[in-house]
Number of protein chains: 4
Amino acid sequence: MKIKAVILNCTLKKSPTVSNTHALIEKVVKEYKKLDVDSEIIRVVDYHIPFGVSSNEGSGDEWPKIFKKLKDADIVVIAAPIWFGVRSSVAQLVIERLDGSYAEGDKKTGQFPLYNKVAGCIITGNEDGAHDAAANTLFNLTHLGCVVPPNVDTYWVGPAGPGPSYIEADGKHHLYTNKTLRFLVHNTAYMAKLLKENPIPTNLKKLIEEAQKESHDPTVMEKEKCLHG
Amino acid sequence: MKIKAVILNCTLKKSPTVSNTHALIEKVVKEYKKLDVDSEIIRVVDYHIPFGVSSNEGSGDEWPKIFKKLKDADIVVIAAPIWFGVRSSVAQLVIERLDGSYAEGDKKTGQFPLYNKVAGCIITGNEDGAHDAAANTLFNLTHLGCVVPPNVDTYWVGPAGPGPSYIEADGKHHLYTNKTLRFLVHNTAYMAKLLKENPIPTNLKKLIEEAQKESHDPTVMEKEKCLHG
Amino acid sequence: MKIKAVILNCTLKKSPTVSNTHALIEKVVKEYKKLDVDSEIIRVVDYHIPFGVSSNEGSGDEWPKIFKKLKDADIVVIAAPIWFGVRSSVAQLVIERLDGSYAEGDKKTGQFPLYNKVAGCIITGNEDGAHDAAANTLFNLTHLGCVVPPNVDTYWVGPAGPGPSYIEADGKHHLYTNKTLRFLVHNTAYMAKLLKENPIPTNLKKLIEEAQKESHDPTVMEKEKCLHG
Amino acid sequence: MKIKAVILNCTLKKSPTVSNTHALIEKVVKEYKKLDVDSEIIRVVDYHIPFGVSSNEGSGDEWPKIFKKLKDADIVVIAAPIWFGVRSSVAQLVIERLDGSYAEGDKKTGQFPLYNKVAGCIITGNEDGAHDAAANTLFNLTHLGCVVPPNVDTYWVGPAGPGPSYIEADGKHHLYTNKTLRFLVHNTAYMAKLLKENPIPTNLKKLIEEAQKESHDPTVMEKEKCLHG
């Protein structure tokens with residue numbers, strides 16, 4: 001069974017500027033190749049992606065192209081640098097644009113487009129913030145439908161305070177990062193295959209109807225709105 | 001196949017004080033019952049659990065009892081109130097004590113004791129902080145070996161600022177919470193069965209050896225230490 | 001003494017689209033007026049602000065205009081909506097662009113341009129995440145030089161899950177928000193005056209030199225780089 | 001004017017076990033001494049502090065002793081290790097217990113006991129999480145009444161992944177930490193003096209009354225409860 005990973009590089013720097021996050025992504029791609037998993041890297045900032053929370057913000061918006069690739073992927077990996085302890089604005093922009101995907105729930109089950117995909121996360125920074133950036137990003141992806149296997153965040157940061165980044169600091173020889181990127185690759189690949197053969201069957205629409213019966217919310221009638229998790 | 005969920009109530013209040021978190025847990029348990037999933041609720045603060053990061057902090061420590069139950073469970077749910085926007089100290093204590101589990105990796109694969117278990121999260125508060133508490137808690141559980149299916153956090157909070165809590169505010173009739181608790185129950189139950197039949201086979205030890213070959217870290221020799229993710 | 005507040009509205013929506021965050025900002029402005037504090041509201045997304053971490057990203061960059069206003073202000077307030085539990089991408093973009101300000105330390109003291117300014121925070125969302133968004137934003141502003149008085153975050157969010165936003169939900173009559181916005185206004189105004197008359201005299205450069213004497217870091221020589229906190 | 005700093009060491013380890021956090025605290029104390037600021041270090045875990053959110057949890061509770069010291073201090077510093085990317089359970093416990101202080105607002109102004117005190121933060125860990133731990137802790141202290149000057153968090157963490165801690169890793173020679181601990185000391189000391197001579201005069205009670213007039217909340221009548229920010 002062929003598995004496909006799409007990796008969104010959420011660096012702030014446009015091509016062809018050197019990206020530390022890209023350098024770490026390449027190591028992940030190399031490991032995916034060994035497992036015969038195809039990878040595609042998308043550097044988000046090279047595209048015209050307006051701020052917004054819909055899947056299509058109108059004329060010139062290139063998000064629909066990227067979103068289509070995510071929908072065709074089995075594994076969705078968000079790769080982001082940290083700035084001021086928080087994931088990059090480009091990563092946040094990507095998550096915001098995915099908000100639009102809630103509106104495209106499956107007619108029958110209500111499952112969102114990213115349901116049954118597997119999520120992973122790659123974080124780089126020169127000081128601190130990897131746990132917070134990874135935790136939020138993976139959590140957001142579970143809201144959108146993804147499954148998070150164990151140990152699917154790999155990161156590199158230097159010691160306390162600013163300093164050289166991944167490439168300059170020879171991060172490619174850092175054991176913890178080299179170890180965790182392999183865990184990420186192996187666990188996302190296995191889970192993607194497993195879910196492809198055994199997709200989660202949960203009927204969200206049916207469960208919402210059940211929930212409505214025991215709720216007093218004024219939103220009871222606004223079925224579609226309720227999907228916007 | 002019989003599935004077992006263990007739910008740790010990380011309220012600050014000892015029994016028999018009324019716990020809002022417990023009230024929400026009971027709704028989760030009721031839904032698990034419908035799917036023939038057994039649940040056990042443990043109110044952590046009723047036990048003597050010293051601060052620490054090992055699996056056994058010595059004489060009088062009751063954590064080993066709880067940890068054994070987690071190891072026997074298929075689904076691990078952490079239920080926590082929010083205080084000051086952050087998960088409760090009792091929830092943090094539980095996560096810290098689970099640090100000790102890294103030391104009990106499988107002899108052959110290095111997989112930690114919580115590998116192939118499924119995680120979920122129940123959060124209550126009267127104002128704000130559910131996303132942060134859930135994101136950190138589920139993320140920590142993936143580090144420890146758990147799989148996080150989509151939509152397995154259910155929470156209740158009131159509007160901005162302090163106010164009545166779940167029970168007093170009639171949270172049991174809140175649609176969003178009633179909907180998400182069902183998603184949690186169905187998705188954790190499905191995933192637990194799937195993983196029981198198809199456990200993740202990743203050999204962490206082998207991957208660490210591979211990683212060591214391309215790393216310069218002084219930690220290369222400290223194999224065991226490296227597992228302490 | 002005349003005090004000036006600049007409030008950056010970090011909504012994702014361009015003018016003239018209705019902004020819930022703007023509605024809450026207006027209440028803050030009204031209170032500032034009572035204390036004779038001038039306010040200027042800047043809707044960041046109406047300007048062309050490229051991603052980046054410098055104070056000037058070149059041709060067409062409108063950030064320098066905004067940055068100049070911040071430097072002329074006594075009070076800097078960041079107003080941001082929450083998306084997926086995290087401050088908006090526009091708010092993160094603003095913080096990232098402020099990274100460039102570290103490079104403009106005072107020749108003698110090394111103090112950054114925002115030193116001795118007072119920070120505040122306005123957060124809106126329809127569900128959850130205000131504490132995390134406010135904590136990160138105010139913290140980042142202290143790194144950049146601002147002072148944070150007590151109770152200078154005001155926020156509005158609805159109960160658990162998506163639902164109507166500030167305007168639709170009649171947030172303007174929500175007591176907690178109406179109370180905290182007054183705390184914000186009074187405490188930032190008082191502190192701004194106090195600091196204008198009694199600026200923090202700390203000589204960062206001298207302290208860095210002291211620190212270098214007891215440090216082994218390879219960065220000892222990279223004085224300028226070390227300022228990039 | 002004599003200034004007093006109380007530093008709460010929120011390590012998980014009881015005396016006399018070696019504490020990395022304590023080692024960093026000692027450097028802070030040394031710098032305070034140079035400025036003639038008295039410091040007192042309290043290792044919280046050496047006391048019997050039950051979980052709870054009141055200022056006195058009854059017989060045997062030693063929190064009131066510590067709380068009294070905080071009330072007598074001019075500078076309140078919370079020093080905490082990071083576990084799993086989050087501040088220690090002991091630090092969270094301290095913040096939770098401070099919740100009780102809201103109930104002791106000044107009869108006339110409603111100001112909480114920590115109003116006009118200055119906050120600082122010391123964070124240690126062996127991998128990552130300092131920004132999140134410091135941001136939450138300083139933010140919580142502003143809710144409780146403290147002022148946060150610029151650059152009053154000092155931290156030490158090693159590079160990505162677990163590894164040696166502050167003492168073993170020779171953190172005392174790390175430039176960034178040595179620099180930021182001086183910023184912390186100088187800025188908290190200056191601000192403490194400034195506030196002692198010029199306390200924030202804001203009358204919170206009066207502002208709450210004003211807010212009530214334009215609010216519809218059912219909590220309008222629950223004046224005291226409304227203080228519980």
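Labels below follow one simple rule: chain letters A, B, ... track the order of the sequence lines, proteins then strands, and each chain is numbered from 1.
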Turns out that what part of A/E31 lies under 4.5 Å from chain B's heavy atoms comes down to side chain
Value rounded to 0.5 Å, distance of CG in A/L175 from CD in B/E214: 9.5 Å
For residues A/H186 and B/N203, is any side-chain donor paired with an opposing acceptor at under 3.5 Å? no
Check whether any side-chain heavy atom of B/M191 lies under 4.5 Å from a side-chain heavy atom of A/L194, and answer yes or no. no
Should the heavy atoms of other residues, nucleotides or ligands under 6.0 Å from NZ of B/K196 be counted, would the total exceed 12? yes
Do we see a donor-acceptor contact under 3.5 Å between the side chains of B/N140 and A/H131? no
Taking all non-hydrogen atoms of both residues into account, name the closest pair between B/Y115 and A/N151 and its distance. OH-OD1, 2.6 Å
Distance-minimising heavy-atom pair for B/N136 and A/A135: OD1-CB, 3.8 Å
A/F139 vs B/D132, test: side chain to side chain contact (heavy atoms under 4.5 Å, CB included). Steps then yes/no. CA-CA 9 Å; A/F139 178 64; B/D132 189 62; over 6 Å; no
Under 4.5 Å from any heavy atom of chain A - which part of B/A119: neither
Mind checking the CG-CG spacing from A/L207 to B/N187? Nearest 0.5 Å is all I need. 8.5 Å
Please lay out, stage by stage, how B/N198 and A/K193 fare under the test side chain to side chain contact (heavy atoms under 4.5 Å, CB included). CA-CA 11 Å; B/N198 307 274; A/K193 278 175 201 155; over 6 Å; no
Any chance NZ of B/K2 has more than 12 other-residue heavy atoms, nucleotides or ligands included, within less than 6.0 Å? yes
Heavy-atom pair of closest approach, residues A/I208 and B/F183: CG1-CZ, 3.9 Å
Within a radius of less than 6.0 Å around NZ of B/K107, do more than 12 heavy atoms belonging to other residues, nucleotides or ligands occur? no
Is it the backbone or the side chain of B/L195 that comes under 4.5 Å from a heavy atom of chain A, or both, or neither? side chain
Which residues pass the side chain to side chain contact (heavy atoms under 4.5 Å, CB included) test with A/A189, sequence neighbours left out? A/L35, A/V37
Per-residue contact mode, A/K27 against chain B (heavy atom under 4.5 angstrom): side chain
Could A/E209 and B/K179 be called an ion pair, given the rule that one side-chain N must be under 4.0 Å from one carboxylate O? no
Side-chain heavy atoms of B/V147 within contact of A/P150, under 4.5 Å: yes
Counting neighbours of NZ on B/K71 that are heavy atoms of other residues, nucleotides or ligands and sit closer than 6.0 Å, is the number greater than 12? yes
What pairs with B/P159 under side chain to side chain contact (heavy atoms under 4.5 Å, CB included), at least two apart in sequence or on another chain? C/P159, C/H174
Taking every non-hydrogen atom, the tightest pair across B/S215 and A/N178: OG-ND2, 2.9 Å
Could you have a look at B/L138, B/D153, B/T180, B/V152 and say which one has the most heavy-atom pairs with chain A under 4.5 angstrom? B/D153
Would B/E210 and A/K34 satisfy side chain to side chain contact (heavy atoms under 4.5 Å, CB included), going step by step from the backbone distance to the final call? CA-CA 13 Å; B/E210 257 186 59; A/K34 290 182 190 168; 4.0 Å; yes
Which bit of A/L114 comes within less than 4.5 Å of chain B, counting heavy atoms only: side chain, backbone, both or neither? neither
Would the number of heavy atoms belonging to other residues, nucleotides or ligands and lying under 6.0 Å from NZ of A/K4 be above 12? yes
